[in-house]
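Throughout, a chain's letter reflects where its sequence line sits, starting with A, and its residues are numbered from 1.
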Protein chains: 2
Amino acid sequence: MRSNEEQIFDEYIRSTGLRETEQRKRVLKTFLATTEHVSVEDMYRIVNEKSRKVGYATVYRTMKLIAESGLAVEVVFNDGIARFEHRLGRKHHHHLVCTNCGKVIEFESTAMDRGEQEVLAKYKFRQTSHHYEIFGFCRECQSESRDG
Amino acid sequence: MRSNEEQIFDEYIRSTGLRETEQRKRVLKTFLATTEHVSVEDMYRIVNEKSRKVGYATVYRTMKLIAESGLAVEVVFNDGIARFEHRLGRKHHHHLVCTNCGKVIEFESTAMDRGEQEVLAKYKFRQTSHHYEIFGFCRECQSESRDG
DNA sequence: TTACGTGCAAACCATTTGCAGCTTT
DNA sequence: AAAGCTGCAAATGGTTTGCACGTAA
């Protein structure tokens, strides 16, 4: 029994003539079990928690494949490190990133999405990707940093 | 006779107890003469066009100061290289980045700005900065890449 | 068998930093 | 003089790559 995601990945692998390897399956399984935005370093650590099986380079290469297969999107916050989040079955959203505690809040905005469509139409621009991140202080960190 | 921008930079320098040096003046003057989004490498090249006077590290350090003074904003497109654009007297805007020819189109969107305000209010998030870039193919590069 | 994949270490590359010597204040 | 700067070169750090060996097909 394999998940829908694993089927999608297999299909992608097969369709491009690549091979199904232990490492790729292991990295994919690990990624599917995550819920937060994971960096390659995170992935490397989790994958090799029980036994060192997969090299750093392979994690990089496999995360790229997973993104290409459509299962993940790469996002970059303010530290310049690539992170990956699930894409399948997730609504389109953006991020509020707290630069104090590192918390990441996901949000949707139909107003912004509509605005984006207008802009694309106006400039006849064919979008392939985009990123939108708002940086600042989350509710909790505001009261913390605001001294009376 | 010095420009408004130069006055602002001077004031920033003075207010923070820093020093007014030849290198800083030269880098600032060079930046003020640019119109496009310039990288540090661009700046280094232009500054030293006529005579090699300013080191790479100093250009980095000075661009950071210029950004801190409020005269520039740092933007990062899809190549991970920091670029700087003028801020003084410029309206708030975002970018359409053509991944084929590298063209950068600036746009404004009140719909998106309004959407952003709604989100900030909803999450009681205090914004300090944000970035929004849309990647894809510009009008010209679409017809180019689309073969019949 | 024959590509393709892996792991290691080395390479990359934008950016930062240590430090000796030089300038502004 | 004292406190900052500068420039060079070396360090940093995430990511990529070359290559000999391993493994899926």
Side-chain angles (χ1 to χ4, degrees), chain A residues 6 9-31 37-48 51-69 72-84 102 131, chain B residues 6 9-31 37-48 51-69 72-84 102 131:
Chain A
E6 284 168 312
F9 189 67
D10 277 10
E11 182 138 346
Y12 176 74
I13 289 289
R14 209 163 359 210
S15 73
T16 50
L18 300 173
R19 287 169 187 178
E20 200 175 15
T21 67
E22 270 314 303
Q23 288 91 332
R24 284 177 180 163
K25 283 190 223 163
R26 183 181 283 258
V27 171
L28 176 63
K29 220 174 182 69
T30 302
F31 173 67
H37 304 86
V38 285
S39 64
V40 171
E41 192 187 343
D42 294 334
M43 287 295 303
Y44 177 81
R45 190 162 21 77
I46 307 173
V47 166
N48 292 309
S51 57
R52 187 175 300 98
K53 288 271 179 58
V54 186
Y56 229 109
T58 299
V59 178
Y60 267 100
R61 293 188 270 230
T62 307
M63 288 315 295
K64 193 180 271 183
L65 284 181
I66 293 175
E68 284 167 8
S69 78
V73 208
E74 188 180 325
V75 291
V76 180
F77 299 145
N78 56 336
D79 57 5
I81 298 176
R83 279 164 229 275
F84 295 85
H131 62 210
Chain B
E6 284 169 312
F9 189 65
D10 278 9
E11 181 138 348
Y12 176 73
I13 288 289
R14 210 164 357 214
S15 73
T16 50
L18 300 173
R19 286 169 187 180
E20 201 174 14
T21 67
E22 269 315 303
Q23 286 91 332
R24 284 178 181 163
K25 283 190 223 166
R26 183 182 283 257
V27 172
L28 176 63
K29 217 173 184 69
T30 303
F31 173 66
H37 304 88
V38 285
S39 64
V40 170
E41 193 187 342
D42 295 333
M43 286 296 304
Y44 176 81
R45 191 162 20 78
I46 308 172
V47 165
N48 292 309
S51 57
R52 188 176 298 97
K53 287 270 181 58
V54 186
Y56 229 110
T58 299
V59 178
Y60 267 101
R61 293 187 271 231
T62 307
M63 288 315 295
K64 193 180 271 184
L65 284 181
I66 293 175
E68 285 167 8
S69 78
V73 208
E74 187 180 325
V75 292
V76 180
F77 300 145
N78 55 336
D79 56 6
I81 298 176
R83 278 164 229 275
F84 296 85
H131 63 210

Report task. With the side chain counted from C-beta on, respond yes when A:Met63 and A:Val59 share a heavy-atom pair under 4.5 Å apart, and no when they do not. Result ->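 Result yes, sub-4.5 Å side-chain heavy-atom pair found.
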
Query raised in the report: So, do A:Leu65 and A:Ile13 sit near enough that their side-chain heavy atoms are less than 4.5 Å apart?
Result: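 A side-chain contact exists here, since the closest heavy-atom pair is under 4.5 Å.
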
Rounded interatomic separation in angstrom, taking [atom1] from [X] and [atom2] from [N]:
| X | N | atom1 | atom2 | result |
| --- | --- | --- | --- | --- |
| A:Glu41 | D:dT15 | CD | C1' | 12 Å |
| B:Ile81 | D:dT15 | CD1 | P | 15 Å |
| A:Asp79 | D:dT15 | CG | P | 9 Å |
| B:Arg24 | D:dG4 | CZ | P | 11 Å |

Query raised in the report: Who pairs with A:Ser69 by side chain to side chain contact (heavy atoms under 4.5 Å, CB included), at least two apart in sequence or on another chain?
Result: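 A:Ser69 satisfies side chain to side chain contact (heavy atoms under 4.5 Å, CB included) with A:Phe9, A:Tyr12, A:Leu71 only.
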
Report task. Would you mind telling me which residue lines up with the more 5' stretch of DNA chain D, B:Tyr44 or B:Gly17, judged by nearest nucleotide? Result ->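 Of the two residues, B:Gly17 wins.
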
[X]: what forms a side chain to side chain donor-acceptor pair (under 3.5 Å) with it, not counting sequence neighbours?
| X | result |
| --- | --- |
| B:Arg45 | B:Asp42 |
| A:Lys53 | A:Ser51 |
| A:Arg14 | none |
| A:His131 | B:Glu133 |

Query raised in the report: Along DNA chain C, 5' to 3', what are the outermost nucleotides having an atom less than 4.0 Å from a heavy atom of chain B?
Result: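 From 5' to 3', the first and last contacting nucleotides are C:dA14 to C:dT25.
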
List every contact pair, protein side and nucleotides 20-25 of chain D side both N or O, where the distance is under 3.5 Å.
{"residue": "D:dA24", "atom": "N3", "partner": "A:Arg19", "partner atom": "NH1", "Å": "3.2"}
{"residue": "D:dA25", "atom": "OP1", "partner": "A:Glu20", "partner atom": "N", "Å": "3.4"}

Query raised in the report: Where do B:Ile81 and B:Ser39 come nearest, in terms of heavy atoms and distance?
Result: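 Nearest heavy atoms, B:Ile81 then B:Ser39: CG2-CB, 4.0 Å.
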
**Report entry** Heavy-atom pair with the smallest gap, counting every atom of B:Met43 and B:Phe31
**Finding:**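 Scanning both residues completely, I find the closest heavy atoms to be CE-N, 3.7 Å.
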
Query raised in the report: Does anything in residues 52-63 of chain B reach DNA chain D, meaning a heavy atom under 4.0 Å, and if so which residues?
Result: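 Correct list: B:Lys53, B:Val54, B:Gly55, B:Ala57, B:Thr58, B:Arg61.
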
Query raised in the report: Of all residues at least two apart in sequence or in a different chain, which pass the ring-ring contact (aromatic ring centres under 6.0 Å, His included) check with B:Tyr44?
Result: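 B:Tyr44: ring-ring contact (aromatic ring centres under 6.0 Å, His included) contacts with B:Tyr56.
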
**Report entry** Partners passing ring-ring contact (aromatic ring centres under 6.0 Å, His included) against A:Phe84 (at least two apart in sequence or in another chain)
**Finding:**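 Residues passing ring-ring contact (aromatic ring centres under 6.0 Å, His included) with A:Phe84: none at all.
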
Query raised in the report: So how far off straight is the helix from C:dT1-D:dA25 to C:dT25-D:dA1, going by the axes through five pairs at either end, to 10°?
Result: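 That helix gives 30° between its end axes.
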
**Report entry** Atom CD of B:Glu41 with >12 non-hydrogen neighbours under 6.0 angstrom
**Finding:**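 Result for CD/B:Glu41: open.
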
Query raised in the report: Got a sec, which pairs hit side-chain hydrogen bond (donor to acceptor under 3.5 Å, both in side chains) with one end in residues 15-28 of chain B, sequence neighbours left out?
Result: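 Passing the test, one end in residues 15-28 of chain B: no pairs.
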
